[in-house]
Amino acid sequence: MNSLQVQAGLTIQEVARQTGVSVHTLRYYERVGLLNPVNRATNGHRRYSAEDVAGIKFFTRLRTTGMPIRQMQKYAALVREGSHTHPARLELLLAHQAKVETQLKELEEDLQIIKKKIVYYKEINVFQ
């Protein structure tokens with residue numbers, strides 16, 4: 001990438017606004033290897049590419065759905081190793097999907113109990 005393209009990338013503040021991820025977290029993601037080292041402008045400031053932003057958004061979704069940082073690091077390492085790791089990446093994501101689906105089922109059951117309790121309280125208030 002030439003210096004004009006690097007200069008044209010998004011600043012860390014712009015990426016933080018776009019992704020909802022704090023500046024601190026963006027630096028942390030880079031430090032722990034979730035992101036490849038981010039390109040720098042001539043003044044040394046980070047300049048994020050569209051690919052960087054897409055990666056941040058994906059890792060944010062993994063984190064939001066409860067994937068531990070170590071698993072995210074494993075996934076990032078597999079991506080860096082190349083396309084021959086597609087089966088391992090798929091396996092990792094399928095395992096995470098299964099955990100998320102279990103959590104969703106449990107949340108749905110919990111929500112149904114809460115709804116029943118709400119109905120109960122509405123009914124007893126109607127008769128008083």
Rounded to the nearest 0.5 Å, what separation is found between the [atom1] atom of [X] and the [atom2] atom of [Y]?
X	Y	atom1	atom2	value
Q13	R46	CD	CZ	10.5 Å
F58	T19	CZ	OG1	15.0 Å
R31	T25	CZ	OG1	9.5 Å
L104	Q97	CG	CD	10.5 Å
H45	N39	NE2	CG	15.0 Å

Do the side chains of [Y] and [X] get nearer than 4.5 Å, heavy atoms only?
X	Y	result
T11	E14	yes
I56	V15	yes
Y75	L93	yes
E106	T102	yes
Q73	V32	yes
I12	R27	yes
F59	V21	no

Task: Q112 side chain to E108 side chain, donor-acceptor N/O pair below 3.5 angstrom - done: yes

Open item on the list: Testing the 3.5 Å rule here: is there a donor-acceptor pair between the side chains of T65 and H96?
Closed with: yes

Does [X] reach the main-chain N or O of [Y] with its side chain, forming a donor-acceptor pair under 3.5 Å?
X	Y	result
Q71	L92	no
R80	G33	yes
R63	M67	yes

Between [X] and [Y], what is the shortest heavy-atom contact and its length?
X	Y	answer
A16	S22	CB-C, 4.4 Å
T85	L78	OG1-O, 2.7 Å
L26	Y48	CB-OH, 3.8 Å
R40	G44	NH1-O, 2.9 Å

Task: Charged N-O contact under 4.0 Å between E109 and K105 - done: yes

Task: Worked check of side chain to side chain contact (heavy atoms under 4.5 Å, CB included) between R47 and L10 - done: CA-CA 5 Å; R47 291 291 187 254; L10 298 171; over 6 Å; no

Open item on the list: Counting only heavy atoms not in H24 (residues, nucleotides, ligands), do more than 12 fall under 6.0 Å from its NE2?
Closed with: no

- [ ] Give a yes or no on this: more than 12 heavy atoms of other residues, nucleotides or ligands lie within 6.0 Å of atom CD of Q103.
- [x] yes

TODO: Could you give me the CA-CA distance, side-chain angles and deciding distance for Y28 and L34, then say whether side chain to side chain contact (heavy atoms under 4.5 Å, CB included) is met?
DONE: CA-CA 9 Å; Y28 172 75; L34 294 182; 5.6 Å; no

- [ ] Please check if I69 and V100 belong to a single hydrophobic cluster, counting links between Ile, Leu, Val, Met, Phe, Trp and Tyr side chain heavy atoms closer than 4.5 Å.
- [x] no

